[in-house]
Amino acid sequence: MKAEEDEVVGGVRWEIRLHGRGGQGTVTASLLLAEAAFVHGYYAQSIPFFGAERRGAPVLAFTRISKREILERSQIYSPDYVIVLDPVLPEVVNVFSGVRRGGAVVVNTAKSPSSFTFPQERLTVGTVDAVEIAIQNDLVISGTPVVNAAMLGAFLRVFSRIPPEALESVIRKRFGDGWKANVRAMWDGYESVRVQEVRGSGRGEEARRKEVKVRFPVSRPKRGVAGKTWVWRDFVPEIDYSKCTACLSCWLYCPESAIVRNGDGVAIDYEYCKGCLVCHSVCPRAAVRVSREVIA
């Protein structure tokens with residue numbers, strides 16, 4: 001499918017957004033998918049997003065799968081794939097929002113794929129009655145069918161980059177004594193999903209990833225009554241530029257704004273760096289070394 005053939009965008013190959021309600025296993029589904037991708041040799045990332053933390057409340061989760069290291073930590077606004085775990089959500093939430101050209105949406109519903117309308121020109125739509133699968137496999141907790149395993153199975157029929165056997169191995173390890181019912185539900189979803197390329201209205205603007213320049217005021221450190229804060233530190237951070245990828249994590253989290261933009265990279269303003277070592281802690285590439293500074 002075209003979404004699988006697109007070139008890597010910003011170092012991330014595939015982005016998946018999951019819609020569901022509390023109790024359906026949306027966040028767990030995102031995590032299981034990321035673990036299955038990792039088992040199969042990819043880099044992967046799972047991010048939950050909660051509103052009200054109660055059963056039945058809308059829940060979002062995001063999964064990124066890549067052949068390269070993933071440094072981005074944002075929500076996903078232009079997904080390649082969408083998984084909808086609740087059959088009612090498409091009536092109240094625009095689950096098709098931002099889906100890229102050639103993308104796919106897998107929905108928990110008894111309806112046919114052709115029953116959905118969307119603003120994109122065409123998308124691949126998969127539908128599966130995951131509620132019935134959950135009921136048949138006794139996956140109902142406090143009156144709520146837990147549909148995540150069935151939905152992931154259906155998704156892997158559309159997203160062929162990860163074999164269902166990889167997901168099965170993850171489910172076996174995670175669910176302990178309950179793995180058998182979840183594995184059965186996963187395979188039931190994989191076998192029973194209906195997949196069809198559906199033509200949309202073509203009236204909406206298709207999402208395209210693009211670089212967005214954000215302008216906002218940045219505070220700068222100043223000399224205070226206690227002088228410049230470099231005299232506070234006992235340890236000094238140093239940037240190893242052979243490892244630094246200019247991801248800007250250190251610049252973003254420095255509490256003293258002592259990390260400054262330097263062209264395409266960053267530098268440390270040692271007159272105001274007080275040695276808190278937050279930059280060392282947040283650097284995803286371990287590109288900030290720490291050494292003892294002896295002043296007196």
Side-chain angles (χ1 to χ4, degrees), residues 1-51 58-86 89 93 95-100 102-108 123-126 128 130 146-171 173-175 182 185-186 189-190 193 195 207 209 284:
M1 100 184 295
K2 191 176 186 305
E4 295 185 9
E5 297 169 356
D6 285 345
E7 293 298 319
V8 175
V9 179
V12 175
R13 188 63 182 266
W14 302 289
E15 294 188 328
I16 302 103
R17 187 175 67 212
L18 296 89
H19 295 263
R21 295 187 184 275
Q24 293 176 325
T26 308
V27 173
T28 300
S30 174
L31 185 59
L32 290 172
L33 181 58
E35 289 184 7
F38 181 77
V39 166
H40 196 56
Y42 291 110
Y43 290 95
Q45 176 193 86
S46 174
I47 301 175
F49 182 80
F50 296 98
V59 175
L60 278 173
F62 311 97
T63 304
R64 288 185 172 93
I65 300 170
S66 176
K67 291 184 177 179
R68 296 191 287 175
E69 186 175 2
I70 303 170
L71 299 180
E72 190 175 357
R73 295 292 186 271
S74 67
Q75 296 184 44
I76 294 172
Y77 300 99
S78 302
D80 302 289
Y81 299 91
V82 170
I83 303 173
V84 185
L85 283 79
D86 186 81
L89 276 179
V93 176
V95 297
F96 294 95
S97 174
V99 181
R100 298 179 66 217
V105 179
V106 181
V107 186
N108 170 18
L123 293 172
T124 297
V125 179
V128 61
V146 182
V147 299
N148 52 3
M151 290 303 298
L152 288 179
F155 174 70
L156 292 189
R157 190 67 176 267
V158 175
F159 183 74
S160 60
R161 297 289 179 169
I162 301 173
E165 290 80 8
L167 178 60
E168 178 177 338
S169 68
V170 171
I171 291 175
K173 292 179 181 178
R174 176 164 288 271
F175 286 100
N182 283 280
M186 182 207 76
Y190 183 83
V193 63
V195 182
R209 293 193 183 102

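Numbering of residues begins at 1 and proceeds along the displayed sequence. If you're wondering where the values come from, they're calculated on a predicted model, not measured in any experiment.
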Exercise. Where is the tightest heavy-atom contact between E15 and S78, given as atom of each residue plus distance?
Worked result: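 Between these two residues, the closest heavy atoms are OE1-O, 3.8 Å.
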Problem set entry | Least distance between heavy atoms, N148 atom then A29 atom | CB-CB, 3.7 Å
For this session: Determine which pairs satisfy side-chain hydrogen bond (donor to acceptor under 3.5 Å, both in side chains) with at least one residue from residues 25-35, sequence neighbours left out, and list them in order.
Result: S30-S46, S30-T63, E35-R174
Could you check if a side-chain atom of [X] sits within less than 4.5 angstrom of a side-chain atom of [Y], using non-hydrogen atoms only?
| X | Y | answer |
| --- | --- | --- |
| M151 | V128 | yes |
| R161 | Y42 | yes |
| V195 | V125 | no |

Between atom [atom1] of [X] and atom [atom2] of [Y], what is the distance when rounded to the nearest 0.5 Å?
| X | Y | atom1 | atom2 | value |
| --- | --- | --- | --- | --- |
| E165 | H40 | CD | NE2 | 9.5 Å |
| L167 | M186 | CG | CE | 5.5 Å |
| I65 | I70 | CD1 | CD1 | 8.0 Å |

Partners of [X] by ring pair (Phe, Tyr, Trp, His ring centres under 6.0 Å), sequence neighbours excluded?
| X | answer |
| --- | --- |
| F62 | none |
| F38 | none |
| Y43 | none |

Problem set entry | With sequence neighbours excluded, residues passing side chain to side chain donor-acceptor pair (under 3.5 Å) with N182 | none
Exercise. Of all residues at least two apart in sequence or in a different chain, which pass the side chain to side chain donor-acceptor pair (under 3.5 Å) check with Q45?
Worked result: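 In terms of side chain to side chain donor-acceptor pair (under 3.5 Å), with neighbours along the sequence ignored, Q45 is linked to R64.
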For this session: Could you point out which residue of I76, V105, I16 forms a side chain to side chain contact (heavy atoms under 4.5 Å, CB included) with Y81?
Result: I16
Exercise. Between the side chains of D86 and Q24, is a donor N or O closer than 3.5 angstrom to an acceptor N or O?
Worked result: yes
For this session: Go through V39 and V170 one step at a time and tell me if the side chain to side chain contact (heavy atoms under 4.5 Å, CB included) criterion holds.
Result: CA-CA 8 Å; V39 166; V170 171; 3.9 Å; yes
Exercise. How are the rings of F159 and F155 set relative to one another: parallel (under 30°), tilted (30 to 60°) or perpendicular (over 60°)?
Worked result: parallel
